[in-house]
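Throughout, a chain's letter reflects where its sequence line sits, starting with A, and its residues are numbered from 1.
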Amino acid sequence: MTLLLAVLSGFVLAPFAPAIHNALGRFSGWAIAVLPASLAALFLVLAARGDGAVVESHAWMPGLGADLHLRLDGLALLMATLIAGIGAAIFVYAGGYLAGHRHLGRIYAYLLMFMGSMLGVVLADNLIVLFVFWELTSVSSYLLIGFDHADAKARKSALQALLVTGLGGLAILAGALMLGSVAGDMRISHLLLHREAIREHGLYTPIVLLLVFGAFTKSAQFPFHFWLPSAMAAPTPVSAYLHSSTMVKAGIYLLARLTPALGESELWNGLLTWFGAATMVVGAWLAFRQTVMKLILAYSTVSALGTIVMLLGVGTTYAVEAAMVFLLAHAFYKGAMFMVAGAIDHETGEKDVRNLGGLSRSMPLLAAAAALAALSMSGVPPLVGFIAKELAIKAVLPDADLGREGYALAAVFVAAAALGVAVALRVGFAPFFGAKRETKREAHEPPASLLLGPGVLALLGLGAAVAPGVLATPLVEPAASAALGAQAHPHVALWHGLNLALALSAGALVLGVALFRGQWAIVGLAAPATRPLDAIGPSRLYEHALAAVLGFADAQTRVLQSGSLRRYAFITFGVIVLAVGATFMLRRPLDALPDIGDARPYEIGLVLLILIGAWFTAVARNRLAAIAGLGLVGYGIAIIFVLFGAPDLALTQVCIETLAVVLLVLVFYMLPDFRSFSTRAQKARDLLVALAGGAAMAGLVLVVADHRPDMTVSDFYAENSASQAYGRNVVNVILVDFRALDTMGEIVVLVVAAVGVYALMKLDPTTRDGATTGVEKGGEE
Amino acid sequence: MNSTILQTATRYLLPLLLVFSIVVMLQGHNKPGGGFIGGLIGAAGFALHGMAFGPNATRTALRADLVVVMALGLAFALVAGCLALASGQPFLTGLWVSVPFPGFGEVKVGTPLVFDIGVYFVVIGVVMTIVLSLLEENA
């Protein structure tokens, strides 16, 4: 129950967040942070208390093999502690950053929802449960990116993130279902047992491709990296939480989680290694040429995510250990850097690094936190970033298990690391040191709420390296073991001896400082070469694809939704005639016309009456006459229902017929004069379609009457209606008892339809003629 | 429309139709009827009222906002379903109790009836939303 409560607590608290905010005002962030902080403590206690994983399962949809299996093992512990721990810092930070914002309570609610979803993802031990929470992170991320919903750019970015990660989510669903059916088990922790079966199955390749695709979209791997910088439209607390330390790591988490079951194949290792490496370099370069703080950090996050994916792809024990250390280090320093960037923006109103300098005198504490984070990001000892970097270099160097491609990876890594150093200095140092620059607002030390998050994370980055036994090793070792499927012993230490890795690490540092000095000159020189690439980049591709989809929707809507009632009827009946007619031709289900000799005279009379009504409707010269003719048909059918023992149907038919006449009369006033526009040929065609449609329906009814269907269901209802449901009217008992859920759905649909009618008629008289304009208007409010 | 005959007839017909609609709704479990048909009959009564006296008069006569009527209906249906949940059975399981009714003997009351009342309200709300919107359009 503990884990389930931990996951659900965020969802439970979310609806009350606005009320809490109203009650507590500026302390609301601190108050809400109590929940994530205690969750983080809970996870650490749970992990420390037991030996092995904490497992829980609750019945959910047992028939579908989807039960709420939750499992807190090493990998989940690392992620869950980060999610809850950094979450606590983020709530405090958000309270300060958005102080006085009208919708601060709302962002707390979204953040809590997100936290719950994310905890669900990492604690899920069932593929379906994982997928559900995975989608929930996409949805809450959409709400958070589009938080500033009056801004068109924020809405567009939110939609982009939702579409890209949503597409990935679909791939995950397909992949997960295939994987589950191949393994015969939906529990993720059981997949390892079926490892050989999965690997030799013909579906192995599609499974890997789908799951890796989904993970890549979530973790912003090249070529899906473009949504992450756009997502910077979100307020900074959101960027610091979702887009640096937690959500973007969901993809990496999934890859690490599935490595024991799916990993160690050429396909898996190749995909992860080379896409990861490409992402690492592309992200680093794109970060290097940016000038807006948050964008720099976003691209450098892309680069770091690429690094971790690459390390998972290399897949050796050493590489997976390095990946976990890197994940932890990155969460600390990048979370801190984002919060520093937000604090600078908050206090000075400046977002562009070129307008900042010498801030350390007015905000020394923030400068200290920024410096620590930047040093960690650059890989300077004694910070955890240094350890991560060194382990990573060691993991890809050829003296580990890799062949010659290790040199290539090491070279690429050093290049990306050097760019990363330059970027870290640009955001973490340049704004605080050097000549003082005038800023839009006079700079002051930010309030405690804005200092706490970056300060704590930066100090954690120091502590993790100086005293790795306290937090780093206990988190990283079980995580690496879980990702490897075997016991790992990551060597989290500052001193690994004098070796090539240390030399390369130092080299990256020196190169990085040089790049930092010559940054704008290099970017200027490279501009002519990169400009044509930007024009064909993946974000352009996304825009084209989106435009194409919208264009297709537009085109097919124009064809199918012509707005002409006659055309709709033509298409509908045409399809029925073709489908039914073809079946009749092929199957010949009707041997002979039924004998109607035993029909009573009044039954025949009634049918004739209905036919006359229909004829009269078709040839009527004015609307009232046509409606009267239709009424004749309707009431005639009601009488048939009465004659053949269906009083409920008859009652309903009479009521509907009456109301239909009322509605038609009401619509009268809005219609133009009754005139005939059809040519003779069109009328002939319509007559043909009408007769064919009638014949098809009549044929169907005859066949159904001829072949008595399986009566078990009807018999069941007839027998059990009175005894089980205490009702003698079977129709009603079915509606309100046996199949009440269906009825429930139907009345909901009715209400939705009524709301739709109301919106069309009432919302805004000036835009009434276009339903689409109404929708757009609704979206902007 | 401003017809004295229609208005006078409506004054007598509306209460009759409403009582009839409730009877049809309540007897639905054992005889022809039910919430859907009852709702349609009730709505027909109000529609008549709307045509005789105009939509504004009908909105006043209805006393409750139609959105509230629809929401109330959905709430009834939901409560009927959740009562079963509360007693540990699957959603929407029918639960029955016998209530002694002086003069009538035992009367069985069950959640399906509550559900049907929900359907009744939803149908009235939906039909009247459409009818009144159209009527106001014409005014």
Per-residue contact mode, [X] against chain B (heavy atom under 4.5 angstrom):
| X | value |
| --- | --- |
| A:Leu659 | side chain |
| A:Val654 | neither |
| A:Leu649 | neither |

With rounding to the nearest 0.5 angstrom, report the [atom1] to [atom2] distance, [X] to [Y].
| X | Y | atom1 | atom2 | answer |
| --- | --- | --- | --- | --- |
| A:Met761 | B:Leu135 | CE | CG | 9.5 Å |
| A:Ile747 | B:Met70 | CD1 | CE | 12.0 Å |
| B:Ile37 | A:Ile656 | CD1 | CD1 | 9.5 Å |
| B:Asp116 | A:Asn732 | CG | CG | 5.0 Å |
| A:Leu651 | B:Leu40 | CG | CG | 9.5 Å |

For [X] versus [Y], what's the shortest heavy-atom pair and its separation?
| X | Y | value |
| --- | --- | --- |
| A:Arg728 | B:Asn30 | N-OD1, 2.8 Å |
| A:Asp737 | B:Gly94 | OD1-N, 4.0 Å |
| A:Val736 | B:His29 | CG2-CE1, 3.8 Å |
| A:Ala740 | B:Phe115 | O-CZ, 3.3 Å |

Counting distance only, does the side-chain N/O of A:Asp648 pair as donor-acceptor with the main-chain N or O of B:Gly33 below 3.5 Å?
-> yes
Please flag which part of [X] lies under 4.5 Å from any non-hydrogen atom of chain A: side chain, backbone, both or neither.
| X | value |
| --- | --- |
| B:Val122 | side chain |
| B:Leu48 | neither |
| B:Val67 | neither |

Against chain B, work out which of A:Val731, A:Val730, A:Leu735, A:Leu750 has the most heavy-atom pairs shorter than 4.5 Å and name it.
->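 Of the candidates given, the most pairs with chain B belong to A:Leu750.
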Within a reach of under 6.0 Å around [atom1] of [X], are more than 12 heavy atoms found that belong to other residues, nucleotides or ligands?
| X | atom1 | value |
| --- | --- | --- |
| A:Arg623 | CZ | yes |
| B:Phe20 | CZ | no |
| B:Leu16 | CG | yes |
| A:Phe11 | CZ | yes |
| A:Phe616 | CZ | no |

Contact check, side chains of A:Met744 and B:Phe91, non-hydrogen atoms, under 4.5 Å | yes
Do the side chains of B:Thr129 and A:Val757 get nearer than 4.5 Å, heavy atoms only?
-> no
